[in-house]
Each structure stands twice: as structure tokens, then as C-alpha cells.
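First the proteins, then the strands, lettered A, B, ... as listed; each starts at 1.
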Amino acid sequence: MAELTRDTLREMQLRMLRIRAFDERASKMVKRGHIPGTVHTSIGQEAQVVGATMALGAGDYMSGNHRSHGHPIGKGSPLGPLMAELVGKATGVCKGKGGSLHLADFAVGSLGESGIVGSSIPIANGAALSSKVLNNGKVALAFFGDGAANQGVLYESMNMAGVWDLPMIFLCENNQYALSTPAHTVTSGIISERAAGFGMPGIRVEEGQDVLAVYDAVSEAVARARAGDGPTLVEVMTYRYNEHSEGLRLGTDYRNADEREAWLKKDPIMLFRHYLASQGFSDDELDGLEATALAEVDAAVAFSDASPYPDLSVAFDDLYTDKESAA
Amino acid sequence: MTVMSYLGAIGAAQREAMDADERVIIIGEDVEANVYGTTGGGKSRSDKGDFLQRYGKNRIRNTPISEEGIVGAAAGAAMTGLRPIVDLSYSSFLYMAMDQFVNQVAKNRYMFGGQASMPVVFRSAMFYGLNTGAHHSDRPYPMFMNVPGLKIIAPATPADAKGLLRSAVDSDDPILSFEACLLWSSKEDVDENEFWVPLGVARTARVGTDVTVVAISSSVPEAVAAAEELAKEGVSVEVIDPRTLVPLDRDAILRSVAKTGRLVVAEPAHRTCGAAAEISALVAEEIFDSLKAPIVRVTAPDMQIPFSPSLEKQMYPTKATIAAAIRRVVDLPALQPVAAAV
């Protein structure tokens with residue numbers, strides 16, 4: 001296990017708490033109609049997200065998917081513009097043009113979340129290609145789920161990353177359900193073992209609710225990528241607590257209630273709180289982190305509330321680099 | 001000036017772009033071996049491996065046959081500091097990467113509120129008219145015209161092939177270049193120095209006063225030949241080559257038709273929802289009162305391209321079918337029944 005400073009440990013817990021608080025608030029807001037459309041929350045998967053994003057450097061790249069809020073929060077994106085984007089405000093991180101499914105914050109290396117399963121995997125691969133050609137030492141990571149693990153573009157991308165030794169991490173967030181479909185019923189073999197076919201290391205993090213286990217596995221892959229030794233496939237076993245897409249009301253009847261209870265017993269935030277307590281963090285300090293995360297989300301909602309909606313006059317902005325080309 | 005072929009001009013533009021900016025890379029299937037003659041450069045197909053020797057494997061990258069992965073990686077590379085030129089060989093192969101074109105390349109700049117820059121060019125050749133059957137003969141540029149966020153060029157001459165490609169590489173918007181194999185060997189005098197043909201500006205291929213023919217890609221030389229023939233009968237035909245289909249030079253088209261009062265649109269793509277349909281609608285909406293005759297389209301019919309040479313050669317606009325359309329709009333009697341391109 002890596003030797004981590006107290007500041008890093010504290011930051012890990014704070015980022016997990018931020019994701020939890022942000023998504024719990026988003027879940028409420030979408031049900032009350034305060035957020036239009038639908039949101040896919042990362043509640044239950046915080047260790048998997050933060051273990052991966054904190055293993056990356058500030059200048060490193062990542063691409064995401066429809067379970068889209070945790071990734072930029074984990075990479076350090078401020079909450080106000082993220083929340084404003086979910087609501088559709090002009091101050092949103094994408095100026096209200098993207099919404100929940102398309103959060104992106106290039107300032108922290110977040111190259112965009114994606115509503116098409118598997119679609120953003122080659123985007124990160126291309127960022128890794130840039131790093132290789134420009135020799136700038138950056139690495140790239142693509143988050144994708146167990147569902148995307150059966151998309152052909154993943155294997156096209158793994159092959160290219162392998163043959164070109166790209167500084168790339170393929171990170172499979174295996175929450176075991178593609179909407180309602182259990183992964184094992186549509187997935188032949190073990191996802192991480194598919195790496196062998198491309199001549200790259202494949203690692204499965206069985207204890208994916210343990211942020212340090214994820215952090216260690218991804219850190220090793222990042223070190224390998226940065227050293228010029230090529231890509232790695234990391235599969236992290238995890239679980240989403242809520243329904244696939246909140247706002248759609250598709251329910252969770254396809255899952256066994258006992259199963260959820262079992263996962264709740266190894267909640268990533270609770271587990272890490274116990275660990276931090278064992279490392280000498282006081283209850284006050286740990287409670288303080290939770291209060292900080294909640295206050296940050298309150299402030300983010302207040303920022304969104306105080307922000308205007310975009311004016312129709314900007315609807316065509318950013319379609320092209322020049323305004324004349326927009327019809 | 002020096003005589004260049006269409007393919008040689010593309011090679012020259014690629015070499016100029018590679019020399020001008022180290023962020024420009026070429027990726028695609030078979031680019032290292034220069035099998036099509038565009039990664040050797042110069043006036044015609046030149047020595048194998050010329051670009052590879054000149055720029056090295058870091059910037060000239062052979063890819064696996066993985067169009068979706070290639071197009072997505074090029075998009076990601078463009079978003080992070082490179083300016084890739086992607087050689088996708090034949091235009092029919094673009095379908096393999098449809099998700100990446102439509103959902104990532106076209107949408108990322110807008111969807112992310114302008115954070116993404118997408119300086120990437122996707123080149124492909126429309127391999128029609130050469131008896132390669134239905135899988136290689138597509139002219140799919142109209143379906144990409146229906147995807148906001150993409151810009152589309154379709155050069156018809158060597159000079160435009162060179163100048164438009166330079167502008168495309170310099171653009172921060174994603175550009176699809178549809179090149180016609182039927183034009184590969186066409187030659188003309190081209191400036192061997194650097195020059196840029198601006199995007200969105202049509203070229204008047206021939207000046208006339210009685211009829212406007214808007215022609216696209218390989219229909220341009222056919223339209224010019226038809227115009228020369230009609231000139232012998234006293235009909236003065238203006239030929240407009242839009243060169244860029246998105247953004248379309250609406251003003252140049254409207255100006256010409258306002259002057260002539262008659263419009264024929266010729267293109268090798270399918271009839272339904274084609275560029276010709278869009279141009280016809282534009283003219284009908286904007287300057288209907290200037291028209292002295294109904295607009296006539298000369299296109300490929302809505303069907304697969306048959307293999308047999310006797311069938312395929314009937315499919316695309318020719319000098320004869322364009323001339324017949326011109327005769328119709330100026331009320332000249334038809335010379336003979338023209339099989340065709342309805």
C-alpha cells in the first residue's frame with residue numbers, strides 16, 4: 001500500500017463525501033422537477049471514482065460516461081458550475097448546453113461525459129495519443145461500465161493503445177448491472193482477463209468499495225503509463241445504490257433487496273471513515289468533513305439558483321468556431 | 001505554376017501542412033506505404049515511404065482497420081493539442097465510425113459549451129464510377145450535411161484539392177473531405193507555393209447568362225463540358241462549383257440564379273435529401289420570383305450502385321444528362337431520349 005499523507009487521506013474522504021452529497025441533492029432535485037430530465041448518480045460507487053481520479057495528476061486526462069457527476073467532482077472540478085449545468089443555467093460548466101450527461105471541465109482534464117455507452121473510450125485514447133506524440137508526460141483514463149465492456153470500440157481502442165504503447169488506463173466500473181441486465185448474463189468470462197488478449201496487464205479490484213485498494217491499483221497503472229510502458233485495463237467491482245436513471249422511474253425490481261443490504265454494509269464512505277479513525281482522525285474532524293461537503297453543495301445550489309438561464313441569442317454559439325457557419 | 005494531378009495536389013497540401021505545424025499528424029490505414037500517393041507528395045505518386053522518411057513514425061501512423069477507434073482517437077487527439085489528418089480510404093468506410101462522427105466529433109464543441117476545439121480533417125475517396133460494386137461506390141456527403149457541427153468540402157479540381165485542404169487543416173472545426181476517385185488523375189496548373197482556398201466560398205467555373213448549373217465534385221467537369229456544347233447553340237451557361245457544402249456559399253448561388261433565372265443542379269449523390277435538393281429548396285425559398293423555369297435536378301437515382309459497367313455508367317450525371325437538363329430549362333427541344341439519371 002502506498003504511503004499517503006494525512007492531507008491526501010482527508011482529501012479522499014472529502015471528495016467521496018462531495019460526490020455523495022452532490023448526488024443525493026441531485027436525486028432530490030430531479031424528482032421535484034428542479035433539475036430537468038434525468039440524472040445517473042454515483043451513490044455507492046464513490047471509492048471506485050475517487051480512487052481512480054486521485055491516482056491521476058492534475059494535468060492528466062479522463063473521459064467518462066452517463067454516470068457522470070462523480071468523475072469531474074473526483075478530478076477536482078468546483079461544484080457550483082456543475083450544479084448550474086444540471087439545472088441548465090448560463091453559468092453551467094458547459095454554459096447549459098450539455099446537461100448532466102455531458103459534463104466536461106477541461107480545466108481539470110475532464111474531456112467529457114457521454115450519453116452513448118462506450119462512445120467516449122476512444123476520446124481518452126486520442127488524448128493518450130496526443131501525450132505520446134507531444135511527449136508531454138500526461139496520461140489518460142477512460143471510465144466505462146460493465147455494459148460498455150461489450151462494445152466493440154473498447155477493443156479497437158485497447159488494440160490501438162497496445163500496439164502504440166499509449167499512456168492509457170481503461171477503467172471498467174463494474175457495478176454489475178447494465179440498467180436491469182446482470183453483467184454475468186451478457187458477459188462471457190472476466191472483463192479484466194480480456195486484457196491478456198491485447199498483451200497488456202489486466203487487474204481486477206475485488207474490494208472496489210475500498211478507496212485505497214482502487215487508488216493503489218490505478219496508481220500502479222498510471223506509473224506504468226507514465227514510464228512509457230503502455231496501457232492497463234483495471235476492472236473495479238462496485239455497486240450503485242439507486243436506480244439506473246433517476247427521473248425515469250424505472251425502479252430496481254430487477255435487483256434483490258438482500259443484495260443491496262449486503263453492499264450497504266461495506267459502504268465506501270463508512271469503511272473509509274473507520275479506517276481514518278483508526279489512523280488517528282478525530283470524530284470532530286471526520287464530522288467536519290461531512291459538514292464541509294454538505295455546505296459546499298448548499299453553496300453550489302445557491303450559485304445555480306442565483307444564475308440566469310441562457311438567452312436564446314446564444315443558442316447557436318459554439319456550434320462552429322465562426323458564427324457565420326451556423327445556419 | 002506546375003502541372004499537378006488531383007492526388008498529387010492533396011499530397012502537396014499534406015506535406016505543406018506537415019512542414020508548417022508539428023502538431024499536424026497523419027493517421028489512417030496504409031498511410032506509411034503511400035499506396036494512394038498522397039503521403040509521398042509532389043506532382044504525382046512519388047517514392048514509397050517519402051512522408052515516413054521525412055516525418056517519422058511518430059507523425060505518420062498506420063492504423064489497424066478500426067474506423068470507430070481511429071475516428072474517436074483522432075477526435076480525442078484534436079481536443080488535446082494535435083491537428084490530425086485522418087485518411088479513411090474509401091467514403092463507404094465512414095459508416096463504421098458513425099457514432100464517433102455524429103456523437104463526438106460533431107457535438108463535442110457545442111455540447112461542452114465551447115471548451116472543446118476539434119481541429120481534425122477526415123479525408124475519404126468516393127470510389128464511384130469504377131466498377132467496384134455497391135460497397136465501395138457511395139457518395140455519402142449529403143448524410144453528413146445533415147449533422148450540424150461538421151464542415152464538408154468536395155473539391156473538384158487539383159488547385160481546389162490543394163487549397164481547400166490547407167484551409168481545412170488550419171480550421172479549428174472538424175472537416176470531412178470527400179474526394180472523387182474519378183478526378184484523381186485530372187491535371188492542371190497549380191501554384192507550387194502555399195495557398196489557401198477559403199471555406200464557404202464557391203468558384204465560378206464558367207461565366208454565363210442564360211442558365212446556372214450548380215455542380216458538385218465529378219459533376220463539375222461534366223457540367224463545364226455540357227456548357228461548352230450548349231454554347232454552340234447560343235445558350236450561355238454559368239457553372240458554379242460550391243466546393244464547400246457546409247458552410248454553403250448561398251450568396252454565390254442566389255446571385256447567379258438571380259442573374260440567369262434558370263437552375264440545374266448536378267451531383268453524383270442520391271436524389272432524396274441530397275445537396276441538390278437543399279440547393280433547389282434554397283433557391284425556391286429565397287428567389288422564386290426570379291425563376292423563369294422550374295428547377296431541374298440531375299442526380300443519381302435512389303438505388304444501389306450496380307456492378308456491371310453497362311448499368312453503372314448510367315447512374316451519375318454526365319455531359320449528356322446535364323445538357324439535356326439545360327435544354328429543358330431553356331425550352332430547347334431534346335436531342336434524343338436520354339437514359340438516365342432521373
Atom group of [X] that falls short of 4.5 Å from chain A, counting heavy atoms:
{"X": "Val246(B)", "answer": "side chain"}
{"X": "Leu199(B)", "answer": "neither"}
{"X": "Pro148(B)", "answer": "both"}
{"X": "Asp249(B)", "answer": "neither"}
{"X": "Ile25(B)", "answer": "side chain"}
{"X": "Asp172(B)", "answer": "both"}
{"X": "Gln100(B)", "answer": "side chain"}

Which answer fits [X], side chain, backbone, both or neither, if we ask what part of it has an atom under 4.5 Å from a heavy atom of chain B?
{"X": "Glu85(A)", "result": "neither"}
{"X": "Ser131(A)", "result": "neither"}
{"X": "Ile116(A)", "result": "side chain"}
{"X": "Tyr61(A)", "result": "side chain"}

Most contacts with chain B, counted as non-hydrogen pairs under 4.5 angstrom, among [options]:
{"options": "Ala127(A), Ser63(A), Gly112(A), Gly118(A)", "answer": "Ala127(A)"}
{"options": "Asp105(A), Val163(A), Leu103(A), Asn125(A)", "answer": "Asp105(A)"}
{"options": "Lys95(A), His102(A), Lys138(A), Lys132(A)", "answer": "His102(A)"}

Donor on one side chain, acceptor on other, [X] and [Y], under 3.5 Å:
{"X": "Ser307(A)", "Y": "Thr91(A)", "answer": "yes"}
{"X": "Ser100(A)", "Y": "His69(A)", "answer": "yes"}
{"X": "Glu173(A)", "Y": "His71(A)", "answer": "yes"}
{"X": "Tyr36(B)", "Y": "Asp87(B)", "answer": "no"}
{"X": "Thr321(A)", "Y": "Asp173(B)", "answer": "yes"}

Identify which of [options] forms the greatest number of heavy-atom pairs closer than 4.5 Å to chain A.
{"options": "Ala116(B), Ala97(B), Ala74(B), Ala75(B)", "value": "Ala116(B)"}
{"options": "Lys57(B), Glu22(B), Arg61(B)", "value": "Arg61(B)"}
{"options": "Pro247(B), Gly114(B), Ala77(B), Pro174(B)", "value": "Ala77(B)"}

Ring-ring centroid check Phe93(B) His136(B), cutoff 6.0 Å:
yes
Would you say [X]'s side chain and [Y]'s backbone share a donor-acceptor pair under 3.5 angstrom?
{"X": "Arg83(B)", "Y": "Val169(B)", "value": "yes"}
{"X": "Gln115(B)", "Y": "Phe112(B)", "value": "yes"}
{"X": "Asn58(B)", "Y": "Val133(A)", "value": "yes"}

side-chain hydrogen bond (donor to acceptor under 3.5 Å, both in side chains) between Ser171(B) and Lys151(B), intermediate numbers included:
CA-CA 10 Å; Ser171(B) 167; Lys151(B) 289 184 174 177; 4.8 Å; no
Quick one, Leu88(B) and Met96(B) - any side-chain contact, counting heavy atoms below 4.5 Å?
no
